[in-house]
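Inspection log for the structure reproduced underneath, given as structure tokens.
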Protein chains: 2
Amino acid sequence: MSTVDEVQQAVMERMLRGELTPGTWLRQDDLAAQLGVSKIPVREALHRLAASDLLRFENNRGVVVPMLTAEDAAETYGLRLAIEPELLRRAVPNLTIVHLAEAEMALAASELKGASVPEANWAFHAALYGAAGWKRGMAMVQSLHAAVAPYVALYTQGLGGAATSDDEHQRILQACRDGDAERACSLLEVHLREAAAALDHVFTEDTDAGTR
Amino acid sequence: MSTVDEVQQAVMERMLRGELTPGTWLRQDDLAAQLGVSKIPVREALHRLAASDLLRFENNRGVVVPMLTAEDAAETYGLRLAIEPELLRRAVPNLTIVHLAEAEMALAASELKGASVPEANWAFHAALYGAAGWKRGMAMVQSLHAAVAPYVALYTQGLGGAATSDDEHQRILQACRDGDAERACSLLEVHLREAAAALDHVFTEDTDAGTR
DNA sequence: CATTTCGCGATTGTATACGATTATGGAATC
DNA sequence: GATTCCATAATCGTATACAATCGCGAAATG
């Protein structure tokens, strides 16, 4: 694996965990020193992430985690609704015990204290979608998850919003076990719509947490 | 506009035109000299394109335009079918005379001799989708167009396959003028399915053009 | 004559270095 | 005392330079 890939993966993990809050400036020298490499592979990795709008290069100012507007979040979930059901539909016939076990593990991991909800969320969805064998689609969906991860972390920490989400995950998983692709897709669509609505509250509520 | 952005745009244009045939090795020094910059912004731009799998960095060997398998092409059109109707559906209510004129211009441009069919194709679709205001979705769809561009160029050069495609474009445009989003989406889906089938012939036919 | 091995050339990948731009703190002025 | 201006420090973006890797060809060997 290339140096660039390692840096990219390291930063991506932090994004999926929602650790990199919007508005944060990523200093390249720090990242380079932290990972024991030079600036150049760091910049190349950041450019890769910037290609999916996960980061933004501002002229002579550096790399920043962009703040999402309510419309951005709506777009993200609109795209998830467009892509993920299609991925799941194609995945279900190919699901093996390994995929299902991975998904179960992700659900279990999300229960643990100190676990990152958006990261576990992605792990669960990725375990199922992986069976579709759509590499490009996976990368797209991963970037969508990463884009909203800090906001998802926000509203799942605030209240027990993860509980209902977890229940929906369980039902989706059961439909997958049954090999019922259409039911799984329907459940997934409802799941995404609810998540979109919940996230929208973060932006429209009185709290300015989403815009800060 | 940054140096990296200029390089990225230059290479992306060549990709959308289908000029960069799969299997081609992009030599960084050549590109740098050609654009009058150094290797580093070139590499950063290439990394941006590699993030969407439009290019591939191979270890210590350089950057290559990846060859698509039949499955890759099917995935690309599967994703286009998932995303583009959604984009069009959201675009139609916002369409202005400007968007429609842009789309008409793209159709006219595709008729000209020496014009790049995939590039005009993208210009047409982009003109319409732009009204949706979905920046991320646009970037995704653009990368999908770029990925198959050389193959589209292949089968449109071979025969007058562009004629039927052009007719479908006209009908989609008319539905957009009428503000009939659902009809436009239905026509788009048919259009994409036909294009996918046509492209599939490139891979499954006796000619090895797709695998060379 | 085929095959393997060695060495050279070419290209990449990374580090170091430097000019340019921006942010920040303090001093001067109103 | 507040504000503006300037100088300094810090960071970025790009160019240059160098080490590492890969491929290809020639030579040697069976």
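First the proteins, then the strands, lettered A, B, ... as listed; each starts at 1.
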Backbone of A:Pro118 reached by a side-chain donor or acceptor of A:Asn121 within 3.5 Å: no

Does B:Leu192 offer a backbone N or O that forms a donor-acceptor pair with the side chain of B:Arg80 under 3.5 Å? no

Take nucleotides 10-22 of chain D nucleotide by nucleotide from the 5' end and write B, S or -, depending on whether a protein heavy atom sits under 4.0 Å from the base, only from the sugar-phosphate, or from neither. -SBBBBB----SS

Just checking, any donor-acceptor pair under 3.5 angstrom between side chains of A:Arg43 and B:His47? no

Has B:Thr24 got a side-chain atom pairing as donor or acceptor with B:Leu20's backbone, closer than 3.5 angstrom? no

For the residue pair B:His169 / B:Glu104, report whether a side-chain donor-acceptor contact shorter than 3.5 Å exists. no

